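Everything on this sheet refers to the single structure shown next.
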Amino acid sequence: MEKDKDQLLEEQHLQSCLDIIRENIRVYEEKEKIYRKEVTELFQAVKKGEGDSYGQLTAEQNLLEHVENALRKNRAALEKAYFGRVDYQDRTFGGKESRYIGKHGVTRNSDDVVIVDWRAPVSSVYYENELGEGVYDVPGSEPVEILLEKKRTYDVQKDQLLGYYDDDVAANDELLVKYLSQNKEAVLGDIIATIQKEQNEIIRDTPFKNIIVQGVAGSGKTTVALHRISYVLYNYEERYKPSEFCIVGSSDMLLNYISSGLPELEVNHVRQMRMDIFLPYLMGKAWKKKYRVISDDEMAPVKSKLRFVKQLELYLSLWVKEYLNLESIRDRQLGCILSRTDMEETYERNPQMSLLQMEKLLNQRIASRIRFLCTEKDESFKKKKLQEYKKYFDSSVHKWTEVEIYQKFLCWMEQQDGNDQWEKSLEHIKKGEMDLYDAAALGLIWKRILKKKDVDEFSQIIIDEAQDFGEMVYYVMKQLLPECYFTIMGDVSQNIRYETGMNDWDGLKEIMFEKENDGFYLLAKSYRNTIEISECAGKVLEKASQGSYKIQPVIRHGQKVTVKQETGEKLEMILQDTVEQVLQKGFETVAVVCRNEEDTDEVRKILKIEEDHSGFHNGVMVLPVTLTKGLEFDAVILWKPDGEHYGVNAREAKLLYVAITRALHELYMIGDKKISDLCY
């Protein structure tokens, strides 16, 4: 009987919330009509050049945007009002609270909070606290102490309360498994309701630190990164603008996939760039139009390492010492203008300055000192001395370019190593063709020698699939963006660029971790795959990471991994039939994953699918395994996963591990030979 009463109260509360939301929608729709009309009239007035119309237009446009956002939030809340509730005693401020938590905050009369936004500080109680004593953090304030008495999870669809579950982990996991059993499109919309404690810690961690997240395939790394951006922008809106964030990835396919989730989280105007575009972008005009980025050359395995960039740093420091002669400056009439000690102190106090910037600063110091020493001299004498020492330090006369200095460095490396292994690199660099690591090297040369202005466009850099790039790239980014904070997400078990990417995190920690609060997180639980797919992936993972990181799957059973072997036309028919069967089951995203471009072209011909450059989409996609990184599909068909395509070694194991773990619900292995021993 008590349960029925509780159910009734919960149903009444839901209807009460929906009534408030409907009233909000009515009010905001009326306001939207009024503001839209005013904006249109003011726009016409601006065109005619009437009075202060432009200022009024800007103000009205801001009001209209605010109303449109509020309307969108309330309409979304009408579809799913909330997913959680916490009842607690507030030990810090006193009183008892009962808070309903939703994807979108809802207020009545603008200030009475009816449903709390998931990003609000108090919402962390739902994600992190167990029943009993606890605290939650408030950015910029002291933690709030509470006694949590109830935590409830709801399954709400429109005006229907389908069920609710009390207490902690069991409830959350039960709902999580229900959500994960849906198609990929449905999962994205519900993920906020099922954020796990270990994910929540990363999302809500302070933005004023560098973090590295090692997460197994399907652990929600990308989701966590996007939610972290949304959380920071919501709670630190006075400190950060969306345009100060940049998401950096390895491919357009991955960035397209990531950006599709941003509007869902109310994140707009965040930049997204491929790494090979981001590095040149940071150099601005120093990256000449004639330069272009090419695929990694044969020396990339050497250039990608920390040792290489440390040698470049040594070379550049020798270069600076040679051209920045810090001997005391003495004038026959004025005496000592600047002492060597004075200049060395200036140099040491400004380690971020380039050679050109340091020269400019020292020239300014010389000019100030001359003015002081000429206090009692006549004006013409002072002018003469200022002119004489105007460009005392002036490397710009050499007209160096970044490429010229880089070529000299590689020749120096040849002398150090006593061989000519850099000849091919020097050939393409001379033509203005740089691989990713050459581009990073040019960035460091520009920073140390030729930079005139600082880069301060970005404050937060988020890197997904971070293991795809060598440590050297991160070292250079850290030097180019010394005031930035980095959120770095990856899985070294998925490093498909085995020779150049990262196979452990040690070097990156050395580069990134400067402050005490910088942190390394581990996400070991996989929410993507069924138990059956996870077990298959786990066998491959053992060989990919030598057992460093194991998968802990969420208990969700599905169909067994299907293996089919045939030859010739029969194999083609099996592929066509399997694709057809999977689509008939209602799956929205299906991928046929191939080992290389040649196999990809073959499968596209069999299935009569043309190459698609539009990015991630619903339906059937045929992709080489390298392009599936970071993506997930309802069903995956692996084409020819045999020993010839995936040999028994760590490099091939990482590729096969990536391919297998793309599948949410069903995995098929189809080929003309026995599947690779990596799977056993």
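Just so it is clear, the model here is predicted, and its values are computed rather than measured. Throughout, residue positions are numbered sequentially from 1 according to the sequence presented.
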Measuring centre to centre across the rings, with the benzene-like ring taken for any Trp, is [X] within less than 6.0 Å of [Y]?
| X | Y | value |
| --- | --- | --- |
| Tyr126 | Phe83 | yes |
| Trp118 | His104 | no |
| Phe513 | Phe520 | no |
| His269 | Phe245 | no |

For the CD atom of Gln160 and the NZ atom of Lys158, what is their distance to the nearest 0.5 Å?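 If I round to the nearest 0.5 Å, the distance is 10.5 Å.
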Does the plane of the ring in [X] sit parallel, tilted or perpendicular to the ring in [Y]? Use 30° and 60° as the thresholds.
| X | Y | answer |
| --- | --- | --- |
| Tyr154 | Tyr164 | tilted |
| Phe616 | Phe633 | tilted |
| Tyr136 | Tyr88 | perpendicular |

Which pairs count as salt bridge (charged side-chain N to carboxylate O under 4.0 Å, His left out) when at least one residue sits in residues 113-127, sequence neighbours excluded?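 Counting only pairs at least two positions apart or across chains, the salt bridge (charged side-chain N to carboxylate O under 4.0 Å, His left out) contacts touching residues 113-127 are Asp117-Arg119, Arg119-Glu266.
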NZ/NE/NH1/NH2 to OD/OE distance under 4.0 Å, Lys221 and Glu465: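 A salt bridge is absent here (no side-chain N lies under 4.0 Å from a carboxylate O).
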Indicate yes or no: does Asp19 engage Arg22 in a salt bridge with an N to O separation below 4.0 Å.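 Salt bridge between Asp19 and Arg22, a charged N being under 4.0 Å from a carboxylate O: yes.
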Are the side chain of Thr628 and the backbone N or O of Leu631 linked by a donor-acceptor pair below 3.5 Å?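 Here the side-chain-to-backbone pair does not exist.
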Pro207: which residues meet the side-chain contact (heavy atoms from CB on, under 4.5 Å) condition with it, sequence neighbours left out?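 In terms of side-chain contact (heavy atoms from CB on, under 4.5 Å), with neighbours along the sequence ignored, Pro207 is linked to Val232, Tyr236, Tyr240, Gln460.
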For Val658 against Thr661, the heavy-atom pair lying closest together: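 In this case the closest contact between Val658 and Thr661 is O-OG1, 3.2 Å.
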Flag side-chain contact, heavy atom, 4.5 Å: Lys103 against Lys73: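 When only atoms from C-beta onward are counted, Lys73 and Lys103 do not touch, as no gap falls below 4.5 Å.
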Contact between Glu237 and Leu233 at the side-chain level, heavy atoms closer than 4.5 Å - yes or no?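 No, side chains not in contact.
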Please enumerate all residues that pass side chain to side chain donor-acceptor pair (under 3.5 Å) together with Asp159, with sequence neighbours excluded.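 Scan of Asp159 (side chain to side chain donor-acceptor pair (under 3.5 Å), adjacent residues dropped) gives none.
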